[in-house]
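None of these values were measured; they are calculated from a predicted model. Residue numbering restarts at 1 for every chain, and letters A, B, ... go by the order of the sequence lines.
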Protein chains: 2
Amino acid sequence: MRRGLEFKKKARIILVDDNYEHLSGIKELIEIESDFDVVATATSASVAVSLIKKYRPEIVLMDINMPEKDGLTAIAEIEKLDLGVRIIALTGYDDPDLIFRAMKIGAKGYILKTMASAQLIYAIDEVAAGKIYLPATLSSRFFEYFQKSFKEETQSIPDEENLLNDLTQREEEVLDLLTQGITYKGVAQKLFISETTVKTHVNNIFQKLQVNDRTQAVLYALNNGFLNRRKVKIAI
Amino acid sequence: MRRGLEFKKKARIILVDDNYEHLSGIKELIEIESDFDVVATATSASVAVSLIKKYRPEIVLMDINMPEKDGLTAIAEIEKLDLGVRIIALTGYDDPDLIFRAMKIGAKGYILKTMASAQLIYAIDEVAAGKIYLPATLSSRFFEYFQKSFKEETQSIPDEENLLNDLTQREEEVLDLLTQGITYKGVAQKLFISETTVKTHVNNIFQKLQVNDRTQAVLYALNNGFLNRRKVKIAI
DNA sequence: ACGGATTTAGTCCATATGGTCTAGAAACAG
DNA sequence: CTGTTTCTAGACCATATGGACTAAATCCGT
């Protein structure tokens with residue numbers, strides 16, 4: 001930034017929108033109102049992907065609602081290529097789920113088609129400068145959705161009625177080992193107790209968790225917290 | 001908004017900061033520069049919680065870096081009470097991890113102490129109006145962190161070397177049912193095949209996933225995606 | 001149409017797991 | 001100090017699971 005515009009290479013942009021009218025409108029806008037270089041346009045996600053591979057643009061403006069391969073899938077695909085392309089998602093609607101998913105898979109910005117053209121240019125500017133840009137209203141929507149997801153996740157374990165709390169210390173240890181896929185014999189060795197003792201503990205665990213087998217106990221443990229918070233995957 | 005200020009009840013605020021100087025400074029600022037009503041202040045998280053229970057304010061301004069019970073824990077605690085209190089986090093640093101965790105547990109805003117007082121007032125305004133407010137710079141930081149977390153999660157399954165890809169369609173179905181804690185007999189019934197067939201599939205699954213029993217197969221499936229993306233817990 | 005992969009299903013056998021009970025030692029709370 | 005809980009461990013038995021085969025029917029691609 002300090003160096004001023006004279007050293008800044010014009011960022012190269014590829015536009016993707018299944019609506020051709022829109023496409024040329026945006027292209028014109030960018031070329032007139034900004035300093036960016038629209039190197040290519042595409043009206044389908046699959047074409048877009050090959051164009052991106054060829055031109056290696058800095059920025060991609062991607063319409064999300066497209067038929068056949070939808071925009072989100074396309075974004076995921078492009079991100080996976082890891083070309084350093086910075087993608088800005090573009091839609092007509094401010095559906096929080098869409099916003100969330102787009103940002104989750106790596107979109108660097110999200111703009112509505114209804115927004116003023118100045119805002120579009122500003123967003124591209126910010127994203128080209130390495131930032132992530134979400135207009136305040138969309139950001140607000142995003143966070144509401146984000147927090148709701150988390151709240152549902154966490155309040156689903158009201159601490160009471162979480163049967164894991166009924167387990168004794170030793171039982172927790174045993175269950176912990178079970179959630180690592182260790183056999184009874186293995187548990188016995190790890191805890192320096194006999195295998196029959198392990199079986200006793202396990203049976204008590206089953207009763208307390210109201211399940212009938214090891215797999216169900218492990219699943220209960222994983223889905224209801226406490227144990228094994230380590231590797232569990234994200235999957236909103 | 002349309003109704004104008006004359007119908008707007010003055011939002012009641014509680015301030016929490018272990019630094020008394022800061023506390024009175026902010027209090028003064030709010031009382032002079034805004035329309036809000038500072039009903040109480042606290043210099044510790046535990047006192048804050050009881051004050052909040054007593055006064056039921058609309059807004060809480062909470063300093064995050066405090067000794068003993070830290071601000072994040074306090075926020076989580078207050079959110080759990082579900083009093084409809086909207087909490088704005090306040091710190092000196094723009095540590096993305098702090099921002100992420102604060103927003104995750106339900107903070108409705110996040111402001112730096114170094115920000116202009118006008119911005120503080122604006123944030124309170126927005127949050128009081130029911131929105132979630134993050135200044136653009138912090139929002140940007142948040143998203144970088146957010147996307148990095150996700151990328152690490154997903155790229156940890158490089159698609160190749162994910163043994164789940166070796167499974168046939170039917171094997172996937174079987175494994176899917178296993179990850180629901182269903183017994184072989186149950187799987188057989190659900191898929192309308194004999195139990196021995198299920199066993200055959202299961203044995204093939206074991207070989208392909210290089211595991212020795214059902215539990216390990218289920219754990220592999222849960223930890224390496226594809227199946228059962230439903231209930232799996234969040235745990236960044 | 002041929003060959004490989006997939007899905008189905010069986011046998012045989014060993015071992016692990018699950019259910020129920022009893023029971024002693026140790027730890028702990030009132 | 002006494003009753004309760006926890007941890008330990010055993011017996012006994014039924015059933016589920018896992019391993020190693022064989023094999024037929026079907027599907028799929030070239």
> Looking at B:Tyr110 versus B:Phe142, is the centre-to-centre ring distance below 6.0 Å?
no
> Looking only at heavy atoms, which two atoms of A:Val38 and A:Thr41 are closest? And how far apart?
CG1-CG2, 4.0 Å
> Specify the separation, in whole Å, of atom CZ of A:Phe206 and atom P of C:dT17.
9 Å
> Residues in salt bridge (charged side-chain N to carboxylate O under 4.0 Å, His left out) with A:Asp97, at least two apart?
A:Arg101
> Rounded to whole Å, please give me the gap between CG in A:Asn212 and P in C:dG19.
6 Å
> Quick one: is C:dG18 close enough that its OP1 or OP2 comes under 4.0 Å of any side-chain N or O from A:Asn203?
no
> Please list each protein N or O that sits under 3.5 Å from an N or O in nucleotides 3-9 of chain D, with the distance.
residue: D:dC7; atom: OP1; partner: A:Arg170; partner atom: N; Å: 3.2
residue: D:dC7; atom: OP2; partner: A:Thr168; partner atom: OG1; Å: 2.2
residue: D:dT8; atom: OP1; partner: A:Arg170; partner atom: NE; Å: 3.1
residue: D:dT8; atom: OP1; partner: A:Arg170; partner atom: NH2; Å: 2.7
residue: D:dT8; atom: OP2; partner: A:Arg170; partner atom: NE; Å: 2.8
residue: D:dT8; atom: OP2; partner: A:His201; partner atom: NE2; Å: 2.9
residue: D:dA9; atom: OP2; partner: A:Ser194; partner atom: N; Å: 2.6
residue: D:dA9; atom: OP2; partner: A:Thr197; partner atom: OG1; Å: 2.9
residue: D:dA9; atom: O5'; partner: A:Thr197; partner atom: OG1; Å: 3.3
residue: D:dA9; atom: N7; partner: A:Thr200; partner atom: OG1; Å: 3.3

> Please check if any side-chain donor atom of A:Ser194 sits under 3.5 Å from a side-chain acceptor atom of A:Thr197, or the reverse.
yes
> Atom CG of A:Asp213 and atom C1' of C:dG19: how far apart are they, to the nearest Å?
13 Å
> Figure out the CD/P separation between B:Gln189 and C:dA9, and round it to whole Å.
13 Å
> Tell me whether A:Gln216 contacts the main-chain N or O of A:Phe206 through its side chain, where contact means a donor paired with an acceptor under 3.5 Å.
no
> At their closest point, which heavy atom of B:Glu171 faces which heavy atom of B:Asn204, and how far apart are they?
OE2-CB, 3.5 Å
> Distance check needed: D:dT17 P versus A:Lys185 NZ, whole Å only.
18 Å
> Taking B:Tyr145's backbone N and O only, do any of them form a donor-acceptor pair with B:Ser149's side chain (distance below 3.5 Å, no angle check)?
yes
> Using a 6.0 Å cut-off, check whether atom NZ of A:Lys113 has over 12 heavy atoms from anything other than its own residue.
yes
> What's the angle between the local helix axes at either end of the helix from C:dA1-D:dT30 to C:dG30-D:dC1, using five pairs per end and rounding to 10 degrees?
70°
> Could you tell me whether A:Lys199 contacts a base, only the sugar-phosphate backbone, or nothing, with contacts defined as non-hydrogen atoms closer than 4.0 Å?
base
> Looking at A:Asp63 and A:Leu90, what are the two nearest heavy atoms and their distance?
OD1-O, 2.9 Å
> Tell me: CD1 of A:Ile205 to C1' of C:dG19, nearest whole Å?
15 Å
